[in-house]
Peer 1: 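If you scroll down you'll find the structure; I have some questions about it.
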Amino acid sequence: MSEITIKLPDGSAKVLPAGSSGHDLASAIGKRLAKDALLVVVDGEPRDLAAELPDGAEVRIITRTDEDALEHVRHSTAHVLAQAVLELWPGATFAGGPPIEDGFYYDFELPGGASFSEDDLERIEARMREIIKADQPFERFELPLDEARELMSDHPYKQAFMDLATDHDAEAEAEADTSDGRISFYRNSDSFVDMCRGPHVPSTGRLGHFALQRVAGAYFRGSEDNPMLQRIYGTAWLSAADLAEHLERLAEAEKRDHRRLGAELDLFSFPEEVGSGLAVFHPKGGIVRRLMEDYSRRRHEEAGYEFVYSPHITKANLFETSGHLEWFADGMFPPMELHDHDHAPGHPEEAGEGTKYYLKPMNCPFHILIYRSQQRSYRDLPLRMFEFGSVYRYERSGVVHGLTRVRGMTQDDAHIFTTKENMADELSSLLAFVLDLLRDYGLDDFYLELSTKPEHKAVGTDQEWEEATEALRSVAESMDLELVMDEGGGAFYGPKISVQARDAIGRTWQMSTIQVDFQLPQRFELEYIGSDGERHRPIMIHRALFGSVERFFGVLVEHYAGAFPAWLAPVQVEVLPVAQSHDDYAHEVAAELRGHGFRVEVSGADDTLGKRIRRAKGQKVPYVLVVGDDDVAHRTAGVNPRGGEVERDVTLGTFVDRLAADVAGRN
RNA sequence: GCCCGAGUAGCUCAGUCGGCAGAGCGGCUCACUCGUAAUGAGCAGGUCAGGAGUUCGAUUCUCCUCUCGGGCUCCA
């Protein structure tokens, strides 16, 4: 056969000499395409442009403006990074370097256990630019396993990948393709060869819109049991404009960082004297938090929840029964031990066991005890108990992060006790309720994640897990939202749906969780009397909407970039007298607005008007009112809305209506 | 917990190759009384995160601890 026929995406066909490559195909179609082509997709599989095309294949050519080229450009850039590092650090070895969201990384081990410093990034980047300028080809070749081992004899992590890939480890297979017993490599120059399944762009000259970002430690293959490697992260894009836009997004995210805004807007802090991961809320943050909670409380009451309270500490026994001490002890603070005689004068310390008390890491056992405080009938169900419950978890020192990962938090925690028959209905109205409420806080772009049974850390039978997981799945699927699987991500006592929300700049946050639990009702031997007069076991549903009030607060700060909508803003109106002679009127205006329930501050004329306006704007106050002679005469104000145009001579009545409408509409 | 980096005034950050600690913003005082994003002058404010060591002398060099940041692992 001397000719092959290639099918193109537009339905047409192209006849080429046998042995033609993707590059030949692109050239046959057009000069420009040949220049812009980076890869081909052959029958759905991405391939090198240089790969020989099989007869009858469907081929799509990926160019440098094609979004599908992105991950390959990132992957190829990672290779250039590896080449630069291996050239700059003789004796260095390397592990894996995949593309990731927005960029890539590569893991290395430097000779003598050395590590990269931030300053090294500049040198490495300069070397990478030289390699890109040299326009080295990415040439693929394959070797049988023993020769591959020989070639990588100085690189133990590469060999480890070969071994693992032979065992069909998914991550290792992404590094080394052993499907036909041969290992593929890419050669860029005489001095640099990397084991890789590919494909790659034709040559390094096709790359260039990248930046190295940071150095980090990372365990080999993500396991704490493995050595820690030195990782370099970078970002890479198809054009300089895309790269610039991405860097700008990062800068925007940094400006919105709730830790920064928390200090600037005087919302909360983490006093070192208190301890890592333990926040205090300042008055301004306290107002926002109270408003968040008040609204949630009202909506929950309307939805049939009853409010309960439980203590922060409890005897060990409760968490033994619940299974927390068996399964969750790592996440709990160590116990306090109480000896009755400790505080009695004249009694030296007693030997022997005292009573252990634990800070609570979860609220569920308490709510269960409330359930169990009396005999329940099917008529009582579903029983919905809600608590703003403060819990404490011993988070490892490296993981605490602002308000989103803390050691002390308040969950908006509810437990619903229901019959098995009503579980599906309850779940479905619950999920609708949760999404509706999240929208009221300004988040409206969601997807769902379904977390299934953890592999090693779970109680209960497979059948119970299966049943609970299916119940959640069918509810999730009925919601008309994207559903992502999170295999093995459930809690030890049951599977969960979590609601992931995208914020104003497209980042996703895990918000609400809904978990089905067959275990705790068994462990605590919960029951209700059914209409048949028999004893039955209820199902328990755990759910939190904010997740934790602290985390949700942090997410809202970032979502709004600190500019809370009027209903949540700690100060809704700042009244500024033009001169001291207008002070009395300014206070009158403030008093009137406060009479309508608004949160108002007056800033007197000790500073210039311009400075006070600037300060109020910096605090992101929704409305700045300026009052001068004209306003005193006519009972009006100049209204300077956040993000809007100044209006003069607005009557107070008009302004009150406007602000009231903002608040009512949660704008 | 692990790897790397950082910690200097309330905040943002200079600085010291080991020799009396600096700026801007913010605070306070005084003057100015101003119509929509920084008026001027002055004053106060520091155990240079904490502890130990080296040294005539340590904010600076070494070690330990704490806290924070970026990651890994883990998670609401």
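In what follows, chains carry the letters A, B, and so on, assigned in the order in which the sequence lines appear, proteins first and then strands, with residues in each chain numbered from 1.
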Peer 1: For the P atoms, the ones on B:C32 and on B:G70, what distance do you get once it is rounded to whole angstrom?
Peer 2: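 Going atom to atom, P in each nucleotide, I get 49 Å.
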
Peer 1: Closer to the 5' end of RNA chain B via nearest nucleotide, is it A:S397 or A:Q580?
Peer 2: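 The residue mapped nearer the 5' terminus is A:S397.
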
Peer 1: Of all nucleotides in RNA chain B that come within under 4.0 Å of a heavy atom of chain A, which is furthest toward the 5' end and which toward the 3' end?
Peer 2: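 Answer, 5' to 3': B:G1 to B:A76.
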
Peer 1: Compute the centroid of each ring, for A:F104 and then for A:Y106, and state whether the two points are separated by less than 6.0 Å.
Peer 2: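 Centroid distance A:F104-A:Y106: not below 6.0 Å, so no.
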
Peer 1: Would you find more than 12 non-hydrogen atoms of other residues, nucleotides or ligands less than 6.0 Å from A:H401 atom NE2?
Peer 2: yes

Peer 1: Identify whether any heavy atom of A:I613 sits under 4.0 Å from a base atom; if not, whether one sits that close to sugar-phosphate; answer base, sugar-phosphate or nothing.
Peer 2: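 Base, at least one base atom sits under 4.0 Å.
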
Peer 1: Reckon A:V391 touches a base, only the sugar-phosphate, or nothing at all at heavy-atom distances under 4.0 Å?
Peer 2: nothing

Peer 1: Taking atom types as modelled, is there a side-chain donor on A:D107 or A:Y157 under 3.5 Å from an acceptor on the other?
Peer 2: no

Peer 1: If you measure from the P atom in B:A49 to the same atom in B:G7, how many Å do you get, rounded?
Peer 2: 8 Å

Peer 1: Ring centres under 6.0 Å, that's the criterion: do A:W89 and A:F116 meet it?
Peer 2: yes

Peer 1: Indicate, with a heavy-atom threshold strictly under 4.0 Å, whether A:E264 touches base, sugar-phosphate, or nothing.
Peer 2: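 It contacts nothing in the nucleic acid.
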
Peer 1: Work out how far the P atom of B:A38 is from that of B:A58, and round it to whole angstrom.
Peer 2: 47 Å

Peer 1: Select base, sugar-phosphate, or nothing to describe what A:Q510 touches, counting heavy atoms under 4.0 Å on all strands.
Peer 2: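 Counting heavy atoms under 4.0 Å across all strands, the contact made by A:Q510 is with sugar-phosphate only.
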
Peer 1: Tell me, which of residues 620-632 of chain A have any heavy atom that sits under 4.0 Å from an atom in RNA chain B?
Peer 2: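 Correct list: A:V626, A:G628, A:D629, A:D630, A:D631.
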
Peer 1: Check every strand shown and say whether A:H582 touches a base, only sugar-phosphate, or nothing at a heavy-atom separation below 4.0 Å.
Peer 2: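 No contact.
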
Peer 1: Pick the C1' atom in B:C48 and in B:A6, then give their distance to the nearest Å.
Peer 2: 14 Å

Peer 1: With a non-hydrogen cut-off below 4.0 angstrom, is A:A605 in contact with a base, only sugar-phosphate, or nothing?
Peer 2: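 Base contact.
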
Peer 1: Pick base, sugar-phosphate or nothing for A:R615, based on heavy-atom distances below 4.0 Å to the nucleic acid.
Peer 2: sugar-phosphate

Peer 1: Between B:C13 and B:C4, how far apart are the two C1' atoms, rounded to whole Å?
Peer 2: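 So the two C1' atoms sit 22 Å from each other.
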
Peer 1: Establish, from distance only, whether the side-chain atoms of A:D631 and A:Y585 form a donor-acceptor pair under 3.5 Å.
Peer 2: no

Peer 1: Before you tell me yes or no, could you show the steps for A:S269 and A:H282 under side chain to side chain donor-acceptor pair (under 3.5 Å), namely the whole-Å CA-CA distance, both residues' side-chain angles and the distance that decides it to 0.1 Å?
Peer 2: CA-CA 8 Å; A:S269 62; A:H282 300 196; 2.7 Å; yes

Peer 1: Listing request: all side chain to side chain donor-acceptor pair (under 3.5 Å) pairs with a residue in residues 270-281 of chain A, at least two apart in sequence or in separate chains.
Peer 2: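 Not a single pair qualifies under side chain to side chain donor-acceptor pair (under 3.5 Å).
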
Peer 1: Categorize A:S115 for me: base, sugar-phosphate, or nothing, with a 4.0 angstrom heavy-atom threshold over every strand shown.
Peer 2: sugar-phosphate

Peer 1: At 4.0 Å (heavy atoms only), tell me whether A:R214 reaches a base, stays on the sugar-phosphate, or touches nothing.
Peer 2: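 Contact class for A:R214: sugar-phosphate only.
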
Peer 1: Taking atom C1' in both B:G46 and B:A41, what distance in whole Å separates the two?
Peer 2: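 To the nearest whole Å, 24 Å.
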
Peer 1: So what does A:K617 hit on the nucleic acid, given a heavy-atom distance under 4.0 Å: a base, only sugar-phosphate, or nothing?
Peer 2: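 Base, at least one base heavy atom under 4.0 Å.
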
Peer 1: I'd like to check the ring pair (Phe, Tyr, Trp, His ring centres under 6.0 Å) partners of A:Y447; sequence neighbours left out, ordered by chain and number.
Peer 2: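 Residues passing ring pair (Phe, Tyr, Trp, His ring centres under 6.0 Å) with A:Y447: none at all.
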
Peer 1: Stem list for RNA chain B, please, built from Watson-Crick and G-U wobble pairs under 3.5 Å and keeping only runs of at least 3.
Peer 2: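 Stems (3+ consecutive pairs) listed as B:1-7 with B:66-72, B:10-13 with B:22-25, B:27-31 with B:39-43, B:49-53 with B:61-65.
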
Peer 1: Checking A:S322 against A:H324: is there a side-chain donor and acceptor pair closer than 3.5 Å?
Peer 2: yes

Peer 1: Assign A:R231 to base, sugar-phosphate, or nothing according to its heavy-atom contacts below 4.0 angstrom with the strands shown.
Peer 2: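 If one applies the 4.0 Å heavy-atom cut-off, A:R231 turns out to touch the sugar-phosphate alone, with no base involved.
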
Peer 1: Under the rule for side chain to side chain contact (heavy atoms under 4.5 Å, CB included), what residues qualify as partners of A:R614, not counting sequence neighbours?
Peer 2: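 With sequence neighbours excluded, A:R614 shows a side chain to side chain contact (heavy atoms under 4.5 Å, CB included) to no residue whatsoever.
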
Peer 1: For A:F552 and A:Y441, take the angle between the two ring planes, folded into 0 to 90°, and tell me which bin it lands in: parallel under 30, tilted 30 to 60, perpendicular over 60.
Peer 2: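 Taking A:Y441 first and then A:F552, their aromatic rings stand perpendicular (interplane angle over 60°).
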
Peer 1: Check the side chains of A:R249 and A:H246 for a donor-acceptor pair under 3.5 angstrom, ignoring hydrogens and angles.
Peer 2: yes

Peer 1: Does a donor on one side chain sit under 3.5 Å from an acceptor on the other, for A:S390 and A:T410?
Peer 2: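 Yes - a donor-acceptor pair under 3.5 Å links their side chains.
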
Peer 1: How do A:G113 and A:R612 order along RNA chain B: which one's closest nucleotide is nearer the 5' end?
Peer 2: A:G113

